[in-house]
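One structure is given here, and the rest of the page talks about it.
Note that the structure is a prediction, hence the values are computed from the model and not measured.
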Amino acid sequence: MAVIQAEELASYIRKQCPGICPEIVTIETTGDRRLDVMLDKIGGKGLFVKEIDKALLSGEIDLAVHSLKDMPVEESEEIPIVSFSQREDARDVLILREGKKEWSGSGIIGCSSFRRRIQAEKLFPKAEFRPIRGNVVTRLEKLDRGEYDALILAAAGLRRLGLESRISRYFSPEEMLPAAGQGVLAIQGREKTDHSFLKGFGAFEAAMTAKAERAFVRYLDGGCSSPVAAYAEVTGDTLRLRGLYYREKDYFFTVGSKSGLVDEAEQIGVSLAQELKNRYDVC
């Protein structure tokens with residue numbers, strides 16, 4: 001998946017910047033290696049970017065391509081995000097075992113995301129949820145071996161891998177709110193470096209929705225591990241943000257929304273988080 005994502009950027013550079021010859025460098029991260037432990041037990045999403053950050057800072061690489069949803073919401077001043085790709089399908093999806101067309105909703109669902117789990121438990125109250133790690137292909141292999149009856153994954157990842165045919169059901173954002181930044185690629189570069197050649201790759205709408213979603217999560221997730229989620233959409237000059245708020249003491253969660261001008265994306269994210277926190281006294 002990481003190589004496919006990097007190739008999207010490399011392909012753009014080859015076509016639009018004839019004087020630049022991109023080379024893809026693969027870096028295995030701690031998050032890729034430690035498949036025996038849940039991420040929140042060994043450092044969270046930062047495990048997917050730590051080694052890559054070091055390579056950027058040292059000059060070993062000049063740009064880094066990430067799934068935005070896997071990046072910490074605290075952005076580095078030394079290696080900022082310099083471009084956001086156009087958003088692909090942000091929805092989560094259900095995948096059934098190969099050859100299986102229907103599912104009663106009673107069985108084992110492989111799902112390592114707490115955000116997905118708490119929302120899916122309302123949709124499938126008879127199901128048993130078990131954690132699952134590994135890349136998409138590895139998870140599908142475990143599913144087809146019969147270790148699980150279904151999986152919940154991101155639509156964008158399956159599409160990038162050409163595995164869209166495995167999708168059994170799409171969840172609407174109303175059913176399951178996506179992770180902040182889901183379906184968007186983020187490009188990191190070093191500060192004080194000219195990245196103007198990426199202008200045509202970047203997408204203004206994706207940048208604005210990312211700002212709102214990440215501001216919401218950043219405000220709520222400072223110091224706690226709540227399964228917050230956020231999804232923003234732009235219509236004309238208006239941005240509408242929906243955010244999930246979780247109360248750890250009694251496992252209660254709710255979803256709220258707020259709209260405003262696109263240029264106020266970050267303020268919308270903070271404002272919605274403040275409103276939900278004040279209303280439900282989460283932390």
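Using a 30° and 60° split on the angle between ring planes, Y280 and F252 fall in the tilted class, from 30° to 60°. Ring pair Y251/Y246 is tilted by interplanar angle, where 30° to 60° counts as tilted.
Put simply, the side chain of T238 does not reach to within 4.5 Å of the side chain of V262, judged on heavy atoms. Counting heavy atoms from C-beta on, the side chains of L96 and R166 never come closer than 4.5 Å. Taking 4.5 Å as the limit, every side-chain heavy atom of D149 sits out of range of all side-chain heavy atoms of I109. Contact of the P80 side chain with the Q188 side chain is not registered, since no non-hydrogen atoms from C-beta on lie closer than 4.5 Å. Within the 4.5 Å cutoff, the side chain of F201 has heavy atoms near those of the L9 side chain. Using a 4.5 Å heavy-atom threshold, the side chains of L56 and D62 count as separate. With contacts defined as side-chain heavy-atom distances shorter than 4.5 Å, the pair P72/V49 qualifies.
Each of R218, R87, K69 was scored for a salt bridge (Lys or Arg N to Asp or Glu O under 4.0 Å) with E213, with one residue passing: R87. Screening R169, R91, K122 against E175 for a salt bridge (Lys or Arg N to Asp or Glu O under 4.0 Å) leaves a single residue, R169.
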Verify side chain to side chain contact (heavy atoms under 4.5 Å, CB included) between V93 and I152, making sure each step is shown before the conclusion.
-> CA-CA 6 Å; V93 297; I152 299 177; over 6 Å; no

Determine, step by step, whether Y219 and K277 satisfy the side chain to side chain contact (heavy atoms under 4.5 Å, CB included) criterion, reporting the C-alpha distance in whole Å, the side-chain angles of both residues, the deciding distance to 0.1 Å, and the verdict.
-> CA-CA 10 Å; Y219 186 91; K277 183 173 182 179; 4.1 Å; yes

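No continuous path of ILVMFWY side-chain contacts below 4.5 Å connects V3 to I13, so the two sit in separate hydrophobic clusters.
Counting only distance, with no hydrogens or angles, the side chain of S67 and the backbone of L185 share no donor-acceptor pair below 3.5 Å. Using a distance-only test at 3.5 Å, with no hydrogens or angles considered, no donor-acceptor pair links the side chain of R214 to the main chain of T209. Of the possible donor and acceptor atoms, none in the side chain of S271 sits under 3.5 Å from a partner among the backbone N and O of Q267.
Atoms NZ and CD, from K54 and E51 in turn, are 6.5 Å apart once rounded to the nearest 0.5 Å.
For R159 and E164, the salt-bridge test passes: some basic side-chain N is under 4.0 Å from an acidic carboxylate O. Using a 4.0 Å cut-off between charged nitrogen and carboxylate oxygen, E8 and R160 count as a salt-bridge pair.
Among all heavy-atom pairs drawn from A230 and F216, the shortest one is CB-CD2, 3.9 Å.
A donor-acceptor contact closer than 3.5 angstrom links the side chains of D92 and Q182.
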